[in-house]
Amino acid sequence: MQLVFDFPPNTRYTFENFVVCGGNRAAYHFARQLAEGNGNESLLYLYGPSGCGKTHLLASVGSLLSSQTGHSAPYISFRDIDQLYQGNYPSEGTSLLGERFAGAPALLIDDIHLIPDNASIRVEVWQLFNDFYGAGKKILVTGLYPPKELPHLDDHLISRLLWGLVAGMDITDDESRRMILSKLAEDRQVILPVDVAEYILKNVRRDVPSLLDALEKISRYALSESRKITLRLAREVLSPSR
């Protein structure tokens, strides 16, 4: 995985193919409003468990802003920050984060909860935040936790995140997962019987990557065996003994 992407990095990540459900409706609305400029807010913080769609919305915002402005809208994930700094966080000198976002139409930061416990990195993020906010540019940050529960962030940066819109995301309810699984199957032109879908929902973890992994395993196995997707086949594929 690369640290910084130019949009669109993956055509899957668009507003059009994002599945809107009860647990992410507000987040979707705010992200689209931010990207389209329909509102006064230029700052959005999204939080929720892994696999709930935060990166999807982040990428969707970047893709739309890139097409609107004609300028690349990169984003950075603190999950891979060592690829940029290689473990060496200088206290002085040119800001590597600043270089990455030079001329960008928006500040898009993923996985802020993984920011290193390092003063110089916090200073770089603080400076970037102030530069973009002061210039009236869009800012979208995502994390695992609500702002006040984020580790390794100074209080003044946490307070900045609270200046804008904040939305939690949760797709662990059965109806949301059912809608997402149906969309995943539709996008891949997979005919998924109702009983198979319910079996997946009852036996697979409650995040999107796990649902997708189960669907692709079942689809590949059915294709390789020249069999229809049935409950029996799904049980064979997802059996713990496999």
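Count residues from 1 along the sequence.
Salt bridge annotation for Glu16-Arg32: present, with a cationic side-chain nitrogen under 4.0 angstrom from a carboxylate oxygen. A salt bridge links Glu236 with Arg232; the closest basic N to acidic carboxylate O contact falls under 4.0 Å.
Residues Met179 and Ser176 have side chains not in contact (no heavy-atom distance under 4.5 Å, counting atoms from C-beta outward). Side-chain contact between Leu192 and Ile200: present, with at least one pair of heavy atoms (C-beta onward) separated by less than 4.5 Å. Contact check for Trp126 versus Arg160: side-chain heavy atoms found under the 4.5 Å cut-off. No side-chain heavy atom of Tyr45 sits under 4.5 Å from any side-chain heavy atom of Leu165. Counting only heavy atoms from C-beta outward, the side chains of Tyr221 and Ile229 never approach each other to under 4.5 Å. Ser120 is not listed as a side-chain neighbour of Arg122, based on a closest heavy-atom distance of 4.5 Å or more. Residues Val166 and Leu161 have side chains not in contact (no heavy-atom distance under 4.5 Å, counting atoms from C-beta outward). Contact of the Val61 side chain with the Phe15 side chain is registered, since non-hydrogen atoms from C-beta on lie closer than 4.5 Å.
In Leu231, the CG atom is crowded: over 12 heavy atoms of neighbouring residues, nucleotides or ligands sit closer than 6.0 Å. Within a 6.0 Å radius of NZ in Lys183, more than 12 heavy atoms belonging to other residues, nucleotides or ligands are found.
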Residue pair Ile76, Ile81: steps toward the side-chain contact (heavy atoms from CB on, under 4.5 Å) verdict: CA-CA 8 Å; Ile76 189 169; Ile81 193 64; 4.0 Å; yes

Ser210 and Asp213: CA distance, side-chain angles, deciding distance, side chain to side chain donor-acceptor pair (under 3.5 Å) verdict: CA-CA 5 Å; Ser210 295; Asp213 180 62; over 6 Å; no

Trace of the side-chain contact (heavy atoms from CB on, under 4.5 Å) decision for Arg177 with Leu211: CA-CA 8 Å; Arg177 295 169 69 237; Leu211 293 177; 3.9 Å; yes

Steps toward side-chain contact (heavy atoms from CB on, under 4.5 Å) verdict (Arg188, Leu215): CA-CA 10 Å; Arg188 288 155 182 79; Leu215 178 65; 4.3 Å; yes

Test side-chain contact (heavy atoms from CB on, under 4.5 Å) applied to Phe30 and Leu57, step by step: CA-CA 10 Å; Phe30 289 155; Leu57 287 180; over 6 Å; no

His56 and Asn17: CA distance, side-chain angles, deciding distance, side chain to side chain donor-acceptor pair (under 3.5 Å) verdict: CA-CA 10 Å; His56 189 139; Asn17 62 22; 3.0 Å; yes

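Of all heavy-atom pairs spanning Ile112 and Gly143, the tightest one is CG2-CA, 4.0 Å. Closest approach of Ser72 and Pro105 over heavy atoms only: O-CD, 3.1 Å. The shortest heavy-atom contact between Leu153 and Leu150 is CD1-CD1, 3.6 Å. Here the closest heavy-atom approach between residue Ala167 and residue Ala26 is recorded as CB-C, 4.4 Å. The two atoms that bring Phe101 and Leu108 nearest to each other are CZ-O, 3.6 Å, heavy atoms only. Counting all heavy atoms, side chain and backbone alike, Met169 lies closest to Phe18 at CE-CZ, 4.0 Å.
We find the CG-CD distance between Leu181 and Glu186 to be 11.5 Å, quoted to the nearest 0.5 Å. We find the CG-OG1 distance between Leu58 and Thr142 to be 6.0 Å, quoted to the nearest 0.5 Å. One distance of note links NE2 of His29 with CD of Gln33; it measures 4.5 Å at 0.5 Å rounding. Here Arg100 contributes atom CZ and Leu128 contributes atom CG; the two are 12.5 Å apart, rounded to the nearest 0.5 Å. Arg79 CZ to Ile115 CD1: the interatomic distance, rounded to the nearest 0.5 Å, is 14.5 Å. Distance check: Thr230 OG1 to Leu233 CG gives 5.0 Å after rounding to the nearest 0.5 Å.
When the options Thr55, Asp111, Asp110 are evaluated for a side-chain hydrogen bond (donor to acceptor under 3.5 Å, both in side chains) with Ser77, the one that passes is Asp111.
Side chain of Ser159 to backbone of His156: a donor-acceptor contact under 3.5 angstrom is found. A donor-acceptor pair under 3.5 Å is formed between the side chain of Lys137 and the backbone N or O of Ala104. Remark: the backbone N or O of Ile121 is paired with a side-chain donor or acceptor of Asn118 at under 3.5 angstrom. A donor-acceptor contact shorter than 3.5 Å links the side chain of Glu124 to the backbone of Leu97. Judged purely by atom type and a 3.5 angstrom limit, Arg206 has no side-chain atom pairing as donor or acceptor with the backbone of Ile171. Side chain of Asp187 to backbone of Leu184: no donor-acceptor contact under 3.5 angstrom is found.
Transitive grouping of hydrophobic side chains (ILVMFWY, heavy atoms separated by less than 4.5 Å) brings Leu162 and Leu144 into a common cluster. In the hydrophobic clustering of this structure, Tyr145 groups with Val125; members are Ile, Leu, Val, Met, Phe, Trp, Tyr whose side-chain heavy atoms approach within less than 4.5 Å, directly or through other members. Hydrophobic cluster membership differs between Ile109 and Val123, with clusters built from Ile, Leu, Val, Met, Phe, Trp and Tyr side chains linked at under 4.5 angstrom.
For residues 157-206, every residue pair satisfying the ring pair (Phe, Tyr, Trp, His ring centres under 6.0 Å) rule, not counting sequence neighbours, is listed here: Tyr133-Trp163.
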